[in-house]
Number of protein chains: 2
Amino acid sequence: MVDWDDVRYFLAAAREGSVRAAAKRLGVNHATVLRRIAQLEERLGAQMFEKLPSGYRLTAAGEEVLEFAHQMEASSHLLETRVFGRDESVRGLLRVTLAPPLAAHLLMPDFADFARLHPDIEMDILSSGELANLTNREADVAIRVVYDRKTLPPNLHGLKGPEVFGGVYIARDRLAAWRAGAPDPIRWIVISSHGIPDWASAGEVGAAGVPFRTTDAEAQIVAVRQGLGMTTLPCFVGDADPLLARVPGADLHMYGTLWLLTQGETRKTKRVRLFTEFVSRRLAAYAPLLAGLSISRD
Amino acid sequence: MVDWDDVRYFLAAAREGSVRAAAKRLGVNHATVLRRIAQLEERLGAQMFEKLPSGYRLTAAGEEVLEFAHQMEASSHLLETRVFGRDESVRGLLRVTLAPPLAAHLLMPDFADFARLHPDIEMDILSSGELANLTNREADVAIRVVYDRKTLPPNLHGLKGPEVFGGVYIARDRLAAWRAGAPDPIRWIVISSHGIPDWASAGEVGAAGVPFRTTDAEAQIVAVRQGLGMTTLPCFVGDADPLLARVPGADLHMYGTLWLLTQGETRKTKRVRLFTEFVSRRLAAYAPLLAGLSISRD
DNA sequence: CATCGGTGGTGCGAAAACGATCCGGATGGA
DNA sequence: TCCATCCGGATCGTTTTCGCACCACCGATG
């Protein structure tokens with residue numbers, strides 16, 4: 001008899017394209033994936049993959065099997081969401097996925113409040129950066145900034161939040177030094193994968209020199225605080241930071257609209273309802289900050 | 001993450017209504033089913049069953065889960081049949097040789113199952129009695145009862161199966177009549193070429209009169225059913241026959257060990273591997289019956 | 001040409017799952 | 001009533017599985 005769980009390993013390997021990547025995603029050792037796939041191939045009596053030096057590639061047989069593996073996965077997800085949706089108790093696990101800056105600079109205190117308010121809810125904040133998939137039951141609630149509503153997955157239920165604006169920021173003392181006539185060039189600080197948004201202009205302060213690149217948002221913010229230059233930041237980050245100031249003359253720009261996303265059955269759960277309503281209220285209170293209206297321009 | 005294979009155990013328990021029956025069907029220990037279901041319930045965070053003294057009954061949550069478990073099973077079946085149907089090398093002839101009683105009284109339903117599972121395999125059951133020679137390519141697979149392992153041909157690849165025991169049997173109503181004091185002598189029924197095995201004693205029932213001889217095993221069994229006397233039979237024949245009973249006081253005796261024998265090149269072919277693995281699993285499930293443990297001694 | 005990060009594959013010791021076995025209790029007949 | 005036969009559950013060695021540390025190999029990169 002085929003071990004159904006082997007199909008899960010097969011599916012991961014088929015998605016990731018290599019045994020090691022699949023193992024990383026599954027949170028197990030790559031040798032385990034290797035063995036489970038070998039076992040599945042043995043029990044099915046057919047090769048699912050071509051074992052290339054560059055990784056695993058599906059054979060024709062594997063392609064056909066993949067279709068039914070997806071079916072099994074879909075049923076498995078339905079099974080889990082169904083039983084989760086039945087759970088009306090406040091106790092239990094609640095997994096929230098959101099962008100790291102939202103967690104670190106805005107909502108973490110509110111999450112803490114919520115956790116104190118409901119000690120029986122085990123909270124799991126997934127802000128590693130990857131978009132957790134609600135349909136795959138990797139999270140129960142997603143908080144995302146969406147620019148075009150049409151890009152929202154149609155199977156998710158969305159609760160609309162405030163709009164998010166961003167601006168161009170620089171360290172306060174750096175700005176003062178520039179006004180005092182300091183000659184050092186002011187550089188653009190950008191996240192490597194992003195580049196300089198086309199809407200960002202340097203305002204009255206001219207940017208010069210080569211860009212300074214960081215890999216993540218936190219390093220970017222620290223770099224700006226150090227006075228290396230200026231960068232684009234969401235207003236709720238820049239305006240809330242006492243060490244930063246907006247670059248005069250630089251315009252704000254709408255990043256998008258915040259959405260609280262929930263999925264199918266889990267939406268009915270009491271703890272999901274409690275959480276979304278709680279966060280929705282807090283977000284409404286943050287609306288001016290998010291829109292960049294919390295400070296007067298200078 | 002939920003272990004998909006746990007769903008398989010859940011499904012079996014839901015179908016059978018008890019952990020032990022599910023374990024029997026799955027061919028595992030009942031403690032295993034117990035653990036897997038407990039694990040599934042823990043990971044889903046909900047009870048699937050009411051644990052009644054009379055067995056497991058599905059809860060409302062379990063009923064809902066059952067539907068998707070069925071979906072997973074259906075996908076799993078499709079997955080397996082697809083990969084089997086895809087495998088061109090499964091087509092072809094498969095010749096199996098085994099002793100007639102094994103075919104007639106034990107394995108024929110399993111052969112039928114295998115044939116239904118693999119409609120493209122043309123099966124040839126050689127149970128005429130003569131020992132087909134694997135080395136001479138008269139058969140692809142041999143199922144034999146071997147007493148001394150050293151008598152196995154060294155060039156054959158053997159897959160060891162359960163041990164086979166035999167006992168002394170008599171018709172139930174004949175036994176009852178004897179207990180009631182019927183004066184008719186109880187005769188030994190033997191196959192002409194065999195005689196009475198030296199390990200066979202009449203137990204509490206004394207044997208009298210001349211032996212009754214038959215030429216083949218089927219006639220021997222029919223004769224015993226008619227109440228002519230008692231005879232030695234493999235337990236999987238005698239215990240499975242509702243008209244027969246063991247002679248009280250007569251001991252069991254080991255006939256030997258079942259072996260699944262394959263030869264050289266044919267062993268590598270898919271249909272041979274499929275068949276041997278299939279039969280091996282079935283044989284493992286028959287182990288208690290073959291060992292004479294399927295009924296309590298009387 | 002050396003290095004470095006990626007791949008699949010392989011032994012070995014630790015850890016988890018398993019099977020065998022026993023137990024207490026419910027249940028249905030003799 | 002007593003006994004046999006189910007049931008779920010707990011315990012205890014044993015087997016299987018897993019994670020870890022390696023290895024060889026390939027390709028890109030400096």
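A note on names: the letters A, B, ... follow the listed sequences, proteins ahead of strands, and every chain is numbered from 1.
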Engineer: Between the base of dG8(D) and the side chain of Arg20(B), is there a donor and acceptor pair under 3.5 angstrom?
Structural biologist: yes
Engineer: Just by modelled atom types, is the Ser75(B) backbone N or O under 3.5 Å from a matching donor or acceptor in the Gln71(A) side chain?
Structural biologist: no
Engineer: For the pair made of NZ in Lys51(A) and P in dC25(D), what is the distance, rounded to whole Å?
Structural biologist: 19 Å
Engineer: Hey, is CZ on Arg43(B) packed in by over 12 heavy atoms from elsewhere, all under 6.0 Å?
Structural biologist: yes
Engineer: Mind calculating the distance between CG (Asp3(B)) and P (dA17(C)) to the nearest angstrom?
Structural biologist: 9 Å
Engineer: Is any side-chain N or O of Ser54(B) closer than 4.0 Å to OP1 or OP2 of dC7(D)?
Structural biologist: no
Engineer: What is the distance, rounded to the nearest whole Å, between atom CG of Leu52(B) and atom C1' of dG25(C)?
Structural biologist: 14 Å
Engineer: Please report whether the ring centroid of Tyr286(B) lies less than 6.0 Å from that of Phe236(B).
Structural biologist: no
Engineer: Tell me the interatomic distance from Leu34(B), atom CG, to dT11(D), atom C1', rounded to whole angstroms.
Structural biologist: 13 Å
Engineer: State whether Tyr56(B) places a side-chain N or O below 4.0 Å from either non-bridging phosphate oxygen (OP1 or OP2) of dC6(D).
Structural biologist: no
Engineer: Inspect the surroundings of CZ in Arg281(B) and state if more than 12 heavy atoms from other residues, nucleotides or ligands are less than 6.0 Å away.
Structural biologist: yes
Engineer: Distance check needed: dA16(C) C1' versus Asp6(B) CG, whole Å only.
Structural biologist: 14 Å
Engineer: Got a list of side-chain donor-acceptor pairs under 3.5 Å for residues 21-30 of chain B, not counting sequence neighbours?
Structural biologist:
residue	atom	partner	partner atom	Å
Arg25(B)	NE	Glu16(B)	OE2	3.1
Asn29(B)	OD1	Ala31(B)	N	2.9

Engineer: How does protein contact run along nucleotides 15-21 of chain D, one letter per nucleotide 5' to 3', with B for base contact, S for sugar-phosphate only, - for none, heavy atoms under 4.0 Å?
Structural biologist: ---BBBB
Engineer: Examine Phe49(A) together with Phe10(A) and report whether their ring centres are nearer than 6.0 Å.
Structural biologist: yes
Engineer: Can you tell me the distance, in whole Å, between the CG atom of Asp5(A) and the P atom of dC18(C)?
Structural biologist: 11 Å
